[in-house]
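First comes the structure, then the notes that go with it.
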Amino acid sequence: PKRTLFGVFSIECISRINRYLYALQIRKPSSQSIYLADCTNYQSIIMSEEEPPTKKVKTGWEDYTLNISEAIMKEDEGKHFATIAESPIATLQGVGPKATEVLEAIGCETVKDLATYKFFLLARALSTLAETEVEGDRPSSSVMNVDKAVDKEYESKSLKEIAEAPISALQGLTSKADELLKGLGVKTVADLGSLKYCKWAESILLIGEKYEHTKNLTERKEEAALKKLG
């Protein structure tokens, strides 16, 4: 229903009046107004049919092209990185019910949890450094070690051997973790360090926390104006 000076009329009623006025050539079809006419003297009262359009707020990002469409779900593509970081892990593409169950079992419920998962960060560090290792090139006087990172039996191993070991080689993980993460294709320390979901999550968190504006252009201008007044 529409409210006019004469009260509330149904859309159907207004439509009938308009059709009658079209026939009398009192109203042009291109008009955007409702005419309620006195059919005796053809005098009309014009009321606006539509509310004035709301002015669109300028964000400053209208012409940007960057996106991470292959990493997150469609409904999350327009959100801030910071917002995505606080979202459930199922926000990431490929993390279905089974993967969600596995990741939640290791304590990761949000994208941020996945980004800061300590065994991912440790595994990535070890496997990254393994790429720089030269076999047999350790000085006899070297004190370098990763004793706090791996189980006793792996302390004297090379970084490459550690990277190729099952994830239970890391202190704090057991053979149960080996079985659990195998469902995500993670069989070795190197696999865990390169798990794409963790890498995506880490990148999203980093950008969201340090390198993204969360206030749009209008809000930033207003903030700058207030600072000048202060």
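As a basis for the values below, the full set of heavy atoms in this structure was taken, side chains included, without hydrogen atoms, waters or symmetry mates.
You'll find the side chain of Leu181 stays beyond 4.5 Å of the side chain of Leu173, heavy atoms only. Leu92 has its side chain out of reach of Lys196: every pair of non-hydrogen atoms, C-beta onward, lies at least 4.5 Å apart. No side-chain heavy atom of Glu202 sits less than 4.5 Å from a side-chain heavy atom of Tyr117.
Ala99 and Leu184 get closest at one heavy-atom pair: CB-CD2, 3.7 Å. Scanning all heavy atoms of the two residues, the minimum distance from Leu170 to Ala123 falls at CD1-CB, 4.4 Å. Residue Glu153 comes nearest to Lys157 through the heavy atom pair O-CE, 3.6 Å, listed as atom of the first residue, atom of the second, then distance. Residues Thr59 and Arg220 come closest through the heavy atom pair O-NH2, 3.8 Å. Taking both residues in full, the closest heavy atoms of Ala163 and Ala130 are given as CB-CB, 4.2 Å, listed atom of the first, atom of the second, then distance. When all heavy atoms of Ile207 and Phe81 are compared, the closest pair comes out as CG2-CD1, 3.5 Å.
Under a cut-off of 6.0 angstrom, the local environment of CD in Glu219 is crowded, with over 12 non-hydrogen atoms contributed by other residues, nucleotides or ligands. Taking a 6.0 Å sphere around NE2 of His80, one finds it holds more than 12 heavy atoms contributed by other residues, nucleotides or ligands.
The side-chain hydrogen bond (donor to acceptor under 3.5 Å, both in side chains) check on Thr188 picks up Asp191, with sequence neighbours excluded. In terms of the side-chain hydrogen bond (donor to acceptor under 3.5 Å, both in side chains) criterion, Thr91 has no residue partners (sequence neighbours excluded). Considering only residues two or more places apart in sequence or on other chains, Thr128 meets the side-chain hydrogen bond (donor to acceptor under 3.5 Å, both in side chains) condition with none of them.
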Evaluate the salt bridge (charged side-chain N to carboxylate O under 4.0 Å, His left out) criterion for residues Lys98 and Glu101: first the C-alpha distance (whole Å), next the side-chain angles of each, then the deciding distance (0.1 Å), finally the verdict.
-> CA-CA 5 Å; Lys98 183 179 178 181; Glu101 186 178 348; over 6 Å; no
Output, in order, the C-alpha distance, side-chain angles, deciding distance and verdict of side chain to side chain contact (heavy atoms under 4.5 Å, CB included) for Gln171 and Leu122.
-> CA-CA 10 Å; Gln171 276 193 33; Leu122 175 57; over 6 Å; no
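One N or O on the side chain of Glu133 and one on the backbone of Lys160 form a donor-acceptor pair closer than 3.5 Å. With hydrogens and angles ignored, the 3.5 Å screen pairs no side-chain donor or acceptor of Glu223 with any backbone N or O of Lys221.
Rounding to the nearest 0.5 Å places CD of Glu209 at 12.0 Å from OG1 of Thr214. From Leu180, atom CG reaches atom CG of Leu103 across 8.5 Å, with rounding to the nearest 0.5 Å. For the atom pair CG of Leu192 and CD1 of Ile106, the computed distance is 7.5 Å after rounding to the nearest 0.5 Å.
A continuous path of Ile, Leu, Val, Met, Phe, Trp and Tyr side chains, each step under 4.5 Å between heavy atoms, connects Ile204 with Leu206, placing both in one hydrophobic cluster. With hydrophobic clusters built from ILVMFWY side chains whose heavy atoms lie under 4.5 angstrom apart, Val111 does not share a cluster with Leu205.
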Return all side-chain donor-acceptor pairs below 3.5 angstrom for residues 68-76, not counting sequence neighbours, or 'none' if the list is empty.
{"from": "Ser69", "atom 1": "OG", "to": "Asn67", "atom 2": "OD1", "distance (Å)": "3.0"}
{"from": "Asp76", "atom 1": "OD1", "to": "Lys79", "atom 2": "NZ", "distance (Å)": "2.6"}

Just list the side-chain donor-acceptor pairs under 3.5 Å for residues 142-152, sequence neighbours left out, or say none.
{"from": "Ser142", "atom 1": "OG", "to": "Met144", "atom 2": "N", "distance (Å)": "3.2"}
{"from": "Asn145", "atom 1": "OD1", "to": "Asp147", "atom 2": "N", "distance (Å)": "3.2"}
{"from": "Asn145", "atom 1": "ND2", "to": "Val143", "atom 2": "O", "distance (Å)": "3.1"}

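A donor atom on one side chain and an acceptor atom on the other are not found under 3.5 Å apart for Ser175 and Asp178.
Sorted by first then second residue, the ring pair (Phe, Tyr, Trp, His ring centres under 6.0 Å) pairs that include residues 156-209, not counting sequence neighbours, are Tyr197-Trp200.
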